[in-house]
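Structure first, then comments.
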Amino acid sequence: MFALVDVNSFYASCETAWRPDLRHKPVVVLSNNDGCVIALSAEAKAIGIKRGAPYFEQRELFRRHGVVVFSSNYALYGDMSQRVMTTLEAMCPRVEIYSIDEAFCDLIGVRNCRDLDEFGREIRATIRQHTLLTVGVGIAQTKTLAKLANHAAKKWTKTGGVVDLSNQTRQRKLMALVPVEDVWGIGRRISKKLEAMGIKTALDLCDTDIRFIRKHFSVVLERTVRELRGESCLGLEEFAPAKQEIIYSRSFGERVSDYQRMREAVCSYAARAAEKLRSEHQYCRYISTFIKTSPYAADPFYGNSVGQRLLTPTQDTRDIINAAVRCLDHIWRDGFRYQKAGVMLGDFFSQGVAQLNLFDDNAPKPNSAALMSVMDTLNMKDGKGTLYFAGQGITQSWQMRREMLSPCYTTHLADVPVARAN
DNA sequence: TCTGGGGTCCTAGGACCC
DNA sequence: TCTGGGGTCCTAGGACCC
């Protein structure tokens with residue numbers, strides 16, 4: 001038995017938790033670079049603002065309705081997330097953190113001594129008490145059904161935010177009401193195809209012959225159908241498997257047209273990616289760089305990527321910057337207004353030296369581990385960027401926009417204003 | 001003027017081997 | 001007239017998730 005617990009309007013709720021004056025007001029949070037809307041409070045949803053819509057298109061609507069707008073503040077959301085997960089881990093024997101705002105809980109054991117619905121309500125009350133955040137709880141035999149139950153808990157307020165869907169008659173009753181595109185694992189493309197086949201509700205999908213699904217779709221959808229029928233195919237993954245790749249990419253605050261500035265950005269992104277790699281205790285052998293212009297702009301599109309395989313796995317920022325810049329030099333073209341770049345690391349090893357190679361012009365550097373550890377320690381201590389490489393540049397005019405950033409209430413207390421004039 | 005970022009899994013197709 | 005079969009590995013691209 002699984003419970004899916006997720007926070008309502010997570011990013012927006014993190015912002016209002018620290019601003020009681022904003023309760024019951026329409027609040028939205030923007031993506032990086034203040035690009036589009038990624039989170040909305042209930043009041044903002046009621047106005048008809050859409051998730052994913054570009055900010056600049058809706059600015060007028062926001063102004064008319066007095067919508068309060070925030071840039072995303074991941075330092076705050078990450079810390080609030082940890083508080084929610086810690087509470088869950090104290091209440092449930094096994095927890096899988098599925099994303100920044102949701103977790104699956106294993107209810108085996110709990111089921112023997114507690115009423116599940118009542119337990120769900122206790123989770124909800126405790127998290128609210130600890131964090132001021134409100135969660136929805138869905139309970140069922142499979143992850144996909146638990147997701148469905150959670151969906152129902154959010155949609156129908158009279159459930160009080162908790163739905164126990166372990167009863168099969170209730171499962172079928174609910175599935176008949178849920179459009180197939182709302183099922184976990186069914187995206188836009190597959191729901192279109194299913195609807196064209198006359199499969200419109202979750203119940204239609206549940207009752208479709210498994211051989212038919214297998215013939216027209218992949219094993220992924222087959223699993224979803226089995227899970228809707230109560231056959232558990234996806235287990236609880238309490239310990240996250242090691243990552244297979246690490247990506248660092250950002251849109252630029254303003255378009256980049258000259259090579260020097262692009263090189264600065266790529267060096268910085270490479271350094272960030274290398275930092276993440278070391279925090280995962282991994283070494284990589286594959287490094288790639290991509291750059292692209294805006295797909296929405298009227299001017300001709302250019303996007304390209306190229307990768308390079310090293311002879312020896314590394315976690316040294318200098319190696320990674322070198323490789324990323326060599327890749328950039330392969331794909332750079334003058335005369336475009338670039339919107340975004342990124343650096344990807346792959347082909348991971350848990351130890352550095354696989355085998356020393358006679359022909360490696362990029363051989364392991366002496367004292368590399370000590371140098372990297374000094375850099376990481378310094379940079380962790382006082383936010384980011386105390387110590388950096390010359391190639392990353394000083395002015396960094398390509399940095400992303402975050403014009404409506406809230407204070408990092410829980411992690412950098414010095415930033416929090418005592419009183420706010422407004 | 002202005003449209004996010006970071007991941008995973010699966011499949012098809014090509015290269016290569018015997 | 002007629003030109004095999006089976007396997008692995010790798011990569012790119014599609015689809016999905018939050």
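Per chain, numbering begins at 1; letters A, B, ... match sequence-line order. What you are looking at is a predicted structure, and each value in this text was computed from that prediction instead of being measured.
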Measure from [atom1] on [X] to [atom2] on [N] and round the result to the nearest Å.
X	N	atom1	atom2	value
Arg402(A)	dG4(B)	CZ	P	16 Å
Leu221(A)	dT8(B)	CG	C1'	17 Å
Arg189(A)	dC16(C)	CZ	P	7 Å
Asn150(A)	dC17(C)	CG	P	14 Å
Glu57(A)	dT1(B)	CD	P	14 Å
Leu234(A)	dT8(B)	CG	P	16 Å
Asp182(A)	dC17(C)	CG	C1'	14 Å
Phe252(A)	dT3(B)	CZ	C1'	16 Å

Looking for any heavy atom pair under 4.0 Å, which part of the strands does [X] touch: base, sugar-phosphate only, or nothing?
X	answer
Asn32(A)	sugar-phosphate
Ile190(A)	sugar-phosphate
Lys276(A)	sugar-phosphate
Tyr55(A)	nothing
Lys193(A)	nothing
Glu245(A)	base
Asp34(A)	nothing
Ile100(A)	nothing

Less than 4.0 Å between a side-chain N and a carboxylate O, is that true for [Y] and [X]?
X	Y	result
Glu254(A)	Arg337(A)	no
Asp34(A)	Arg402(A)	no
Arg272(A)	Glu275(A)	yes
Glu264(A)	Arg261(A)	no
Asp207(A)	Arg172(A)	yes
Glu222(A)	Arg214(A)	yes

Taking the six-membered ring of [Y] as reference, does the cationic atom of [X] (NZ for Lys, CZ for Arg) lie under 6.0 Å from its centre and within 45° of its axis?
X	Y	value
Arg250(A)	Tyr248(A)	yes
Lys292(A)	Phe301(A)	no
Lys340(A)	Phe252(A)	no

For [N], does OP1 or OP2 lie under 4.0 Å from any side-chain N or O of [X]?
X	N	answer
Arg250(A)	dG6(B)	yes
Gln339(A)	dG4(B)	yes
Lys340(A)	dG5(B)	yes
Gln244(A)	dC9(B)	yes
Ser249(A)	dG6(B)	yes
Arg255(A)	dT3(B)	yes

Choose from [options] the nucleotide whose nearest atom is closest to any side-chain atom of [X].
X	options	result
Cys36(A)	dT3(B), dC9(B), dC17(C)	dT3(B)
Arg309(A)	dT8(B), dC17(C), dT11(C)	dT11(C)
Tyr296(A)	dT11(B), dG5(B), dT3(B)	dT3(B)
Arg337(A)	dT3(B), dC2(B), dC16(C)	dC2(B)
Val219(A)	dC17(C), dG4(B), dC10(B)	dC10(B)
Arg223(A)	dG4(B), dC9(B), dT8(B)	dC9(B)
Tyr74(A)	dG4(B), dC2(B), dC10(B)	dG4(B)
Asp101(A)	dG7(B), dC18(C), dG5(B)	dC18(C)
Ser218(A)	dC2(B), dC17(C), dC10(B)	dC10(B)
Phe56(A)	dG4(B), dC18(C), dC2(B)	dC2(B)

Whether the side chain of Arg94(A) engages the backbone of Glu238(A) through a donor-acceptor N/O pair (distance < 3.5 Å, no angle test) should be reported.
no
Closest-nucleotide 5' rank along DNA chain B - winner of Gly52(A) and Val220(A)
Gly52(A)
Quick check on DNA chain B: between Tyr248(A) and Ala297(A), whose nearest nucleotide comes earlier from the 5' end?
Ala297(A)
Dot-bracket encoding of pairs in DNA chain B, which uses [ ] for pseudoknotted crossings and | for another strand, Watson-Crick or G-U under 3.5 angstrom:
....||||||||||||||
Rounded C1' spacing from dG4(C) to dC16(B) in Å
16 Å
